[in-house]
Amino acid sequence: MTSADFQSIALDGRPAVDERLLDGLNPRQREAVLYRGRSLLIVAGAGSGKTSVLTRRIASLLASGEASPLQILAITFTNKAANEMRERVQHLVGRGADSRSDTGMWISTFHSACVRILRRQAEQIGLKAGFTIYDSADSRALIKRIVKELDADTLNLTPGIVAGKISKQKNELIDVETYARNVNTDDPAEVAFLEIYRRYTAGLRRANALDFDDLIAETVHLFRAFPEVAALYQRRFRHVLVDEYQDTNHAQYALIRELTRPIKPQHVPEDTRMAVDASGGLPGASLTVVGDSDQSIYAFRGADIRNIVEFERDYPETKTVLLEQNYRSTQNILDAANAVISNNFDRLEKNLFTTVGSGHPIIGYTGYSGHDEAQFVADEISALHTAGTPYREIAVFYRTNSQTRPLEDVFIRSGLPYKIIGGTKFYERAEIKDAMAYLIQVANPADDLALRRILNTPKRGIGPATEAALQAHADKMGVPLRDALGDAGQLDLGPKVTRAILDLAELLDEAEAMHVAGGKAADILLALLAGSGLLDALRATRDPQDEARVENVEELVSVTKEHAKNNPDAGLLEFLTEVALVAATDEIEDESGTISLMTLHTAKGLEYDAVFLTGVEEDLLPHRMSSGEPGGLAEERRLFYVGITRAKKRLFLSLSMTRSSFGDTSVAMPSRYLQEIPPGLIDWRQSPGDATSRGGTRPRALNARGYAGGAARGFSYSTEALPPAPPRVKREWASEITGKVRDNGDLTLEAGDRIRHTDFGDGKVVAVTGQGTKSIAEVQFETAGKKRLLIKIAPIEKL
DNA sequence: CCGTGTTCTCTTTTT
DNA sequence: GAGAACACGG
């Protein structure tokens, strides 16, 4: 591109772009595709077609010749989003957009992009290219060792707290030395934390390893310490685009900042064909960020909502485009979403609208137990499926992973095909981590953590005492543990143990030779499995679970083979990198005919015809843990908002009167956020009021529309779609939310007992099911018919 | 050193 | 209610 081209585009801001690229876009979206300038902020409400805008923007840059694929860097939140974007761009421009090869554009996550940069530039920051990426469990293990060494958990420094604190420092780009300079030496806890942080950092260094947060932070440090390295990437990436910008943390923000800095004249090569400015330097790359502060749900991970709210301040010449038209959901769903989110103050005013019409009402249901709630979900899914909704278009969301259990129980019993996205992942299974540890140790012999994991797996008689002896020897020689294995003969250990250690050393050496010679992950893994006897040991036991473990390890072998097939050039390192960075959503297969179960967090960015949002209860949504933190309740509300806006046609909100956690069950109350939805939008199959005081099966017509509650709370929403409010009717369950739930204590009933209910009068207990607080009595009333009542909280007395 | 049985923590969300 | 950490006996 010549200087003249650049100028003309910058001035009139309207490049000549093939009309077909703009097909079907509304004026705002067109503007977002076509604007040319230093920086662009696209505030994209949920479902406003931002992926479409982003892909067309990239395609238009390529099609008009303003950019070559090489000059594009697009950052997404997940690998799945990256793949999808790459495919769509490819489809639009009709040519290769392969980010894997260095000739293509980079469309990847923050973490993948940084690993690519760091593997190339590893020496500069004192690492070897084969560095290990520690996942949270690995970091936790290392921290745990250190905490134990220092006996630090005595003063509230548990591994979990320390891990969170270290992560926080790194996300704020505060390294150990910076932290040390500002530490309050009078506070023993802070001093202890500093020492842990120091040893943790040293431990990672020694192991030639980086944790998740390091991937970003170290790249920023690299760019700041070596301007000529930064210039390499600044010259290359002339167009930087960031998706889900609201969830970037400070380190990620700094990374973008470094990448888009103007390039100083001394870093501009003589022969550049790019447009230099008056001083001989190059202007910074153009930056496009897309985000929605209403969907910021990762503050706990350091995401800084200010990054988007204050974007215009940080990049003063920024153009802002607001996308409010929603192409995903029905008006009913959007009304609910708008009403909920409008309770958050301090936000960019935004109101989603659609032209598709109001659609179905939102369906609500209150179960007696988590199991009962799950049964409702399963029944409705069966009905939807019968009516023609494919399973893959149905999703069930929940706040915490522990809520999956009753859902799984019922789904299995109902024969519904489902897949849990995230949760206990394949790669977190012990046997997989064992096999992976062999591979990691081969790729990175300095990784003591990986070696310790496999030292005695499978059992070869190397216990804690032997490990300590090896470690002592390694420390004395100042070498990694791995190098100590070869010296086992000098350590005065038993002949059997010595033999075992030397065998292991030999096996690892052989595998390392394969790796150095460019061997494939699959071949190396097979050699390691055969040589170590890991599979044989699992096959030999009588533990029935080991059968599944064998299958899992075999599955891992297929994964390595599959990886080699898809990436012919990839070796062991590429395989390990990919595994380390897989995200929950990457597991979703679009073709599969299964229902997707996932947390609200992993639901972000996805959409389904029918969405079930379960566990809409106090202490769950908002989660109990969130109420203590500043902004916690607002973030939980955004989480609820994200969940609602995933639904295209049907939305189901459900909760339960009781919830079991920790083994025993407790009474749950409806979420405060339910009150924020205009009551007329929800058709309660069984409202919280029905479930507590009326025993269920209340005629639906009474619940359907027109309760006056809610409006009093002062939120604004379009009333046009609703019928006029009838004269004030008793608010069905408002008081139940803030007021106390009735509690019958240890009242126990059994079949044959006679009871009196405040609404239904006298009746006889037919049967009692469930345990403890969950027990339900089936009662035949003299006048009201048969009802199911939750014994602990129903308004009843024993006669 | 290994297996078994017991107690104790733990659940927020994740790249 | 599960998984990890610890204690104890072989």
Side-chain angles (χ1 to χ4, degrees), chain A residues 75-82 108-115 133-137 139-141 144 148 153 158-160 163-164 167 170-171 210-217 244 247-249 251-252 296-303 397-405 421-425 427-430 455-456 458-467 493-494 496-497 500 541-543 545 577 579-586 598-604 615 619-629 632 635-636 638-640 642-643 659-665 771:
Chain A
I75 303 284
T76 59
F77 205 67
T78 64
N79 295 306
K80 182 177 191 281
S108 70
T109 63
F110 270 107
H111 295 267
S112 306
C114 287
V115 172
I133 301 164
Y134 276 11
D135 66 19
S136 351
S139 310
R140 194 68 71 91
K144 206 165 176 181
K148 213 168 184 178
D153 52 357
T158 65
S167 174
K170 292 187 175 183
N171 287 333
L210 296 175
D211 65 21
F212 276 137
D213 301 316
D214 283 333
L215 296 178
I216 316 289
E244 306 284 11
D247 285 321
T248 52
N249 58 38
Q252 291 166 329
S296 166
I297 54 174
Y298 282 102
F300 73 92
R301 200 168 81 183
F397 301 154
Y398 36 82
R399 177 67 234 270
T400 67
N401 283 305
S402 62
Q403 287 168 251
T404 51
R405 191 182 306 196
I421 314 297
T424 322
K425 279 178 264 165
Y427 292 102
E428 284 167 10
R429 292 171 180 280
L455 208 50
N456 200 29
K459 302 262 183 288
R460 35 172 88 86
I462 306 175
T466 312
E467 184 191 316
L493 300 162
K496 231 174 135 187
V497 179
T541 67
R542 281 172 309 150
D543 187 342
Q545 287 197 312
T577 301
V579 169
L581 299 178
V582 286
T585 35
D586 298 339
M598 69 191 84
T599 65
L600 283 165
H601 282 89
T602 76
K604 192 182 61 150
D619 287 350
L620 215 45
L621 188 68
H623 196 276
R624 185 187 288 117
M625 295 295 145
S626 69
S627 54
E629 294 152 34
E635 174 143 326
E636 296 286 306
R638 290 193 292 272
L639 204 45
F640 188 41
V642 165
R659 185 67 61 185
S660 38
S661 65
F662 273 127
D664 53 15
T665 62
Q771 303 268 309

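By convention in this document, chain letters (A, B, ...) are assigned in the order of the sequence lines, proteins followed by strands, and residues within each chain are numbered from 1.
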Look for any protein N or O under 3.5 Å of an N or O in nucleotides 3-9 of chain C and output each such pair with its distance, or none.
| from | atom 1 | to | atom 2 | distance (Å) |
| --- | --- | --- | --- | --- |
| C:dA5 | OP1 | A:Lys144 | NZ | 2.0 |

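Shown here are the salt bridge (Lys or Arg N to Asp or Glu O under 4.0 Å) partners of A:Glu244, two or more places apart in sequence or in another chain: A:Lys50, A:Lys604. A search for side-chain hydrogen bond (donor to acceptor under 3.5 Å, both in side chains) contacts involving A:Arg460 returns A:Tyr438, not counting sequence neighbours. Remark: A:Tyr134 engages A:Asp447 in a side-chain hydrogen bond (donor to acceptor under 3.5 Å, both in side chains) (not counting sequence neighbours). Scored by the salt bridge (Lys or Arg N to Asp or Glu O under 4.0 Å) test, A:Arg624 finds A:Asp619 as partners (sequence neighbours excluded). Residues satisfying the ring-ring contact (aromatic ring centres under 6.0 Å, His included) criterion with A:His601, sequence neighbours excluded, are A:Tyr298, A:Phe300. For A:Asp211, the salt bridge (Lys or Arg N to Asp or Glu O under 4.0 Å) test picks out A:Lys170, with sequence neighbours left out. Every residue was checked against the side-chain hydrogen bond (donor to acceptor under 3.5 Å, both in side chains) condition with A:Ser296, not counting sequence neighbours, and none meets it.
Regarding A:Leu455, its CG atom lies at a distance of 13 Å from the C1' atom of B:dC1, rounded to whole Å. When the P atom of B:dT15 is taken as reference, atom CG of A:Leu210 falls 18 Å away, rounded to whole Å. Taking atom CG of A:Leu581 as the reference point, atom P of B:dT15 lies 10 Å away to the nearest angstrom.
Using a 4.0 Å cut-off, some side-chain N or O of A:Asn456 falls inside it from OP1 or OP2 of B:dC2.
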Completion exercise
Reading nucleotides 8-13 of chain B from 5' to 3' and marking B where a protein heavy atom lies under 4.0 Å of the base, S where only the sugar-phosphate is that close, and - otherwise, the string is --BBBB
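Both A:Val497 and A:His111 lie close to DNA chain B; mapped to their nearest nucleotides by heavy-atom distance, the more 5′-ward contact belongs to A:Val497.
No donor-acceptor pair closer than 3.5 Å links the side chain of A:Glu636 to the backbone N or O of A:Ser626.
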